[in-house]
Number of protein chains: 2
Amino acid sequence: MNSIRIAIVDDKKLLREALISNISNYAEIEIILQAVDGMDFLDQIAALAEQERPQIVLMDIEMPIMDGIEAVTLAKEKYPGIQFLMLTVFDDDDKLFDAIKAGADGYLLKDEKISNIVKAIVEVVYEGGVPMSPRIARKALALLRNKADIIEQFKPDADNDHLLSNREMEILNRIVDGLNYQEIGERLFISPHTVRKHIANIYDKLHVSNKASAIKVATQKRWFN
Amino acid sequence: MNSIRIAIVDDKKLLREALISNISNYAEIEIILQAVDGMDFLDQIAALAEQERPQIVLMDIEMPIMDGIEAVTLAKEKYPGIQFLMLTVFDDDDKLFDAIKAGADGYLLKDEKISNIVKAIVEVVYEGGVPMSPRIARKALALLRNKADIIEQFKPDADNDHLLSNREMEILNRIVDGLNYQEIGERLFISPHTVRKHIANIYDKLHVSNKASAIKVATQKRWFN
DNA sequence: GTGTGAATAATACATTTGTATTATAATTAA
DNA sequence: TTAATTATAATACAAATGTATTATTCACAC
């Protein structure tokens, strides 16, 4: 099988070279790009044709100019095919969360054995896995577990079909935002009279008779925010 | 090193025995308990002394009487030291989420190779990892990613000291509930005039000038609901 | 092609709300 | 003790809101 094309993004020359010299022992992996920070990486990759791009990027998180999180966020949008393994010394909760949010495909600690990093690269490419250092995996799981209640709350409501028309929803949204008739009319380019009529209809449908109560219904049903 | 003591909980005899005969080839693992459903498992484990208990439980999810999710939920409370590997044919999103919430320490698909199941057991015990079948790991990550916004929203606010007095908070709460001056006064046994004065003060403090906007501030700061 | 629902618009009136101002008692902080 | 804050209360006026009613246009379904 073809060797896996990877990139390494890290500002510490020492670490970068240690990685490179170690990984170069593995025939199945080919390092085709090095960068010293996120911006450098984005610049370099923009210059490559699609088939020249790396399949996997080992991305440090803490870097000057543009850090790994931001780089992944931007890169994932432009090159969704590339997979990113975050490689960092820290196992900070927020960083982990941010990395996942940005679209990281794996998260390894730098003190991981090189053989494990290689294993992780192979796992991502050939098994579609999500390699994580054990400590990281625990944290990710804990994160999910801790937020379970919150997530649960936000499961779609099942009931509530679209009682309100699109226009009415639009107007209710402005009410929730604290706009008055006049302002809503201006925003939507309609007469304030029309707005009032819509709102009267909204009240009918929601069985309320003032803005505050309408907002309450909208909030409980989690229609906005 | 000592062998790892595990339990197997599955209602399908065939599958159970396949697992057992396969795992018994590995000297490092010792099967010390079998159960056919969650209830059976809880009964059996309750009869064991602490040092007799399994370190790892391979737990099926779909089972009659008491399913794996419920069993883990209950067992984790009573025996937090035991680790649970969910082992199921389905990779249903909700089930995965429920399992994590219940406290599962890993999640493998049943079509995983036996060697991988053994590897997973070893990983949990000796490396503190969270073994997951690649497909599952992807889903867990996606789940976390999808809910990122929601989780973020619930991070504590840091700012906001109690600008508002207790009384003012009380009254704002009624506003959020959609009550008018009259009604708020009745509920709090004060004159509607007083209510209006309080509300005017609230508006001053929150830098707003109507109920809807006040509600918006309260909602954003998550003071109620 | 007729009817239904949705969006638009206007008028009119009663009610509620927002704001200003003033005042008193109770509590709290300096 | 004094000053500041909070809670209480009332009056008055302007602005916004809630409600009723009527009417036109448009799109879509039957």
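Letters A, B, ... mirror the listed sequences (proteins, then strands); counts begin at 1.
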Check whether any side-chain N or O of Lys211(A) sits under 4.0 Å from OP1 or OP2 of dT17(D), and answer yes or no. yes
For Val36(A), enumerate each residue passing the side-chain contact (heavy atoms from CB on, under 4.5 Å) test, keeping only those at least two apart in sequence or located in another chain. Arg16(A), Asp40(A)
Could you state the atom-to-atom distance from CG of Asn180(B) to C1' of dT16(C) in whole Å? 8 Å
Sorted by position of nearest nucleotide on DNA chain D, 5' first, the leading residue of Leu179(A) and Asn166(B) is Asn166(B)
Rounded to the nearest 0.5 Å, what separates atom CG in Leu108(A) from atom CG in Leu87(A)? 6.0 Å
Using the side-chain contact (heavy atoms from CB on, under 4.5 Å) rule, take Val89(A) and Leu109(A) through it: C-alpha gap first, then chi angles, then the decisive distance, then the call. CA-CA 5 Å; Val89(A) 279; Leu109(A) 295 177; over 6 Å; no
Anything under 3.5 Å between a donor and an acceptor, one on a side chain of residues 46-59 of chain A, the other on a protein residue two or more places apart or in another chain? List them.
from     : atom 1 : to       : atom 2 : distance (Å)
Glu52(A) : OE1    : Ala49(A) : N      : 2.8
Gln55(A) : OE1    : Arg5(A)  : N      : 2.9

Establish, with yes or no, whether the OP1 or OP2 oxygen of dG18(D) is under 4.0 angstrom from a side-chain nitrogen or oxygen of Tyr181(A). yes
Ile184(B) CD1 to dA7(D) P, in whole Å, measures 14 Å
Listed by chain and number, what are the salt bridge (charged side-chain N to carboxylate O under 4.0 Å, His left out) partners of Glu170(A), not counting sequence neighbours? Arg167(A)
Ion pair present between Asp10(A) and Lys110(A), side-chain N to carboxylate O less than 4.0 angstrom? yes
Think Tyr203(B) has a side-chain N or O under 4.0 angstrom from the OP1 or OP2 of dT19(C)? no
Report the distance from atom CD of Glu168(B) to atom C1' of dT5(D), rounded to the nearest whole Å. 10 Å
Using whole Å, what does the distance between atom C1' of nucleotide dA4(D) and atom NZ of Lys205(B) come to? 12 Å
Report all interatomic pairs (protein N or O, nucleotide N or O of nucleotides 8-13 of chain C) with separations under 3.5 Å.
from    : atom 1 : to        : atom 2 : distance (Å)
dT8(C)  : OP1    : Arg167(A) : NE     : 3.1
dT8(C)  : OP1    : Arg167(A) : NH2    : 2.6
dT8(C)  : OP2    : Arg167(A) : NE     : 2.9
dT8(C)  : OP2    : His198(A) : NE2    : 2.7
dA9(C)  : OP2    : Ser191(A) : N      : 2.6
dA9(C)  : OP2    : Thr194(A) : OG1    : 3.2
dA9(C)  : O5'    : Thr194(A) : OG1    : 3.4
dA10(C) : OP2    : Ser191(A) : OG     : 3.0

Does the ring of Tyr107(A) carry Lys101(A) above it, NZ/CZ under 6.0 angstrom from centre and within 45° of its axis? no
Tell me the interatomic distance from Asp204(B), atom CG, to dA20(C), atom C1', rounded to whole angstroms. 11 Å
Inter-axis angle, terminal five-pair segments of the helix from dG1(C)-dC30(D) to dA30(C)-dT1(D) [nearest 10°]: 60°
Without placing hydrogens or testing angles, list every side-chain donor-acceptor pair under 3.5 Å for residues 70-77 of chain A, not counting sequence neighbours.
from     : atom 1 : to        : atom 2 : distance (Å)
Thr73(A) : OG1    : Ile69(A)  : O      : 2.8
Lys76(A) : NZ     : Ile82(A)  : O      : 3.1
Lys76(A) : NZ     : Asp105(A) : OD2    : 3.0

Return the value, rounded to whole Å, for the distance between atom NE2 of His207(A) and atom P of dT19(D). 14 Å
CD1 of Ile175(A) versus P of dA16(D): gap in Å, rounded? 16 Å
For atom CD1 of Ile199(A) and atom P of dT15(C), their distance in whole Å: 21 Å
Row check, Phe41(B) ring normal vs Lys78(B) NZ/CZ: under 6.0 Å, within 45°: no
